[in-house]
Amino acid sequence: HPAPRVSLVDAAGSIAAAQHRDQIADDLIETAQGRAGAAALFMVRGQNAIGWRGLGGDGRPLPGAAIENLAIPLGGSSVLQGAFDTQRTFHGPSPAAGRPIERQVWLALGVVDPPADMLVVPIMVAHRVVNLLYAHGLAGRSIAEFQAEEAPACTVIAALVKIAEKVRVSVRVMTNRAVLVLAAPG
């Protein structure tokens with residue numbers, strides 16, 4: 001796995017200056033590079049988490065279709081469900097025996113070694129979870145063990161999500177579906 005590609009200061013600045021939600025998504029995944037063993041950003045649509053951006057188990061961003069074809073039902077017991085239900089960061093092992101939901105995520109990300117624990121950070125807009133950011137550590141190790149030069153990876157990712165949430169949000173309805181457009185204040 002490569003070293004982190006972008007400093008936290010640069011990542012925070014890029015997220016804050018983003019003009020479109022895709023820029024924020026790309027920035028979050030780029031920040032995870034070198035800090036997490038794998039990562040995925042999901043859009044929440046109804047009772048499903050739909051893959052949007054991914055960082056593969058090989059440390060490289062995934063091509064669109066590889067992650068966009070991933071649709072995880074939000075129901076039952078999983079790390080994604082834990083963060084969605086509580087609207088709080090989930091950090092720990094899967095609550096489900098056999099980890100069926102997590103195995104779908106790992107398969108899509110090309111992860112070979114199941115992680116010891118996982119981090120899922122909900123991104124909230126108007127008291128609603130609109131995105132879930134998933135990450136885990138390198139080679140089966142805890143994400144809390146992997147230290148970025150600035151801070152533990154889970155602290156880094158949670159801090160960047162908080163920056164993304166503070167960016168002004170406007171909702172536009174297009175083709176009978178609400179589309180969130182994240183734009184910098186101003």
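Panel note: side chain R35, backbone T31; a donor-acceptor pair is recorded below 3.5 Å. Put simply, the side chain of E102 gets close to the backbone of V79: a donor and an acceptor are under 3.5 Å apart.
For residues 108-129, no pair satisfies ring pair (Phe, Tyr, Trp, His ring centres under 6.0 Å), with sequence neighbours left out.
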Under 3.5 Å, which donor-acceptor pairs do the side chains of residues 61-77 form with other protein atoms, sequence neighbours left out?
unit_1	atom_1	unit_2	atom_2	d
N69	ND2	A65	O	3.1

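Partners of Q104 under the side chain to side chain donor-acceptor pair (under 3.5 Å) rule, at least two apart in sequence or in another chain, do not exist in this structure. For Y134, the ring-ring contact (aromatic ring centres under 6.0 Å, His included) partners at least two apart in sequence or on another chain are H136. When the salt bridge (Lys or Arg N to Asp or Glu O under 4.0 Å) test is applied to D22, the partners found at least two apart in sequence or on another chain are R53. Not counting sequence neighbours, N48 has no partner by the side chain to side chain donor-acceptor pair (under 3.5 Å) test. For R88, the side-chain contact (heavy atoms from CB on, under 4.5 Å) test picks out T86, with sequence neighbours left out.
Using a 4.5 Å cut-off on side-chain heavy atoms (C-beta onward), F90 and P122 make no contact. F42 is not listed as a side-chain neighbour of N131, based on a closest heavy-atom distance of 4.5 Å or more. In this structure the side chain of V6 never reaches within 4.5 angstrom of the side chain of D27, judged on heavy atoms. Side-chain contact between L119 and V121 is present, with heavy atoms from C-beta onward closer than 4.5 Å. Residues I123 and L41 have side chains in contact (heavy-atom distance under 4.5 Å, counting atoms from C-beta outward). At a threshold of 4.5 Å between non-hydrogen side-chain atoms, the residues I29 and L55 count as touching.
Note: the hydrophobic cluster containing I50 does not contain F84 (ILVMFWY, side chain heavy atoms under 4.5 Å, direct or indirect links).
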Residues L80, V120; criterion side chain to side chain contact (heavy atoms under 4.5 Å, CB included); working and verdict: CA-CA 6 Å; L80 295 173; V120 181; 3.9 Å; yes
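Interatomic distance, OG of S94 versus CD1 of I101, reported as 9.0 Å (0.5 Å rounding).
Because its NZ or CZ atom is not both nearer than 6.0 Å to the ring centre of W106 and within 45° of the ring axis, R99 does not count as a cation-pi partner of that residue.
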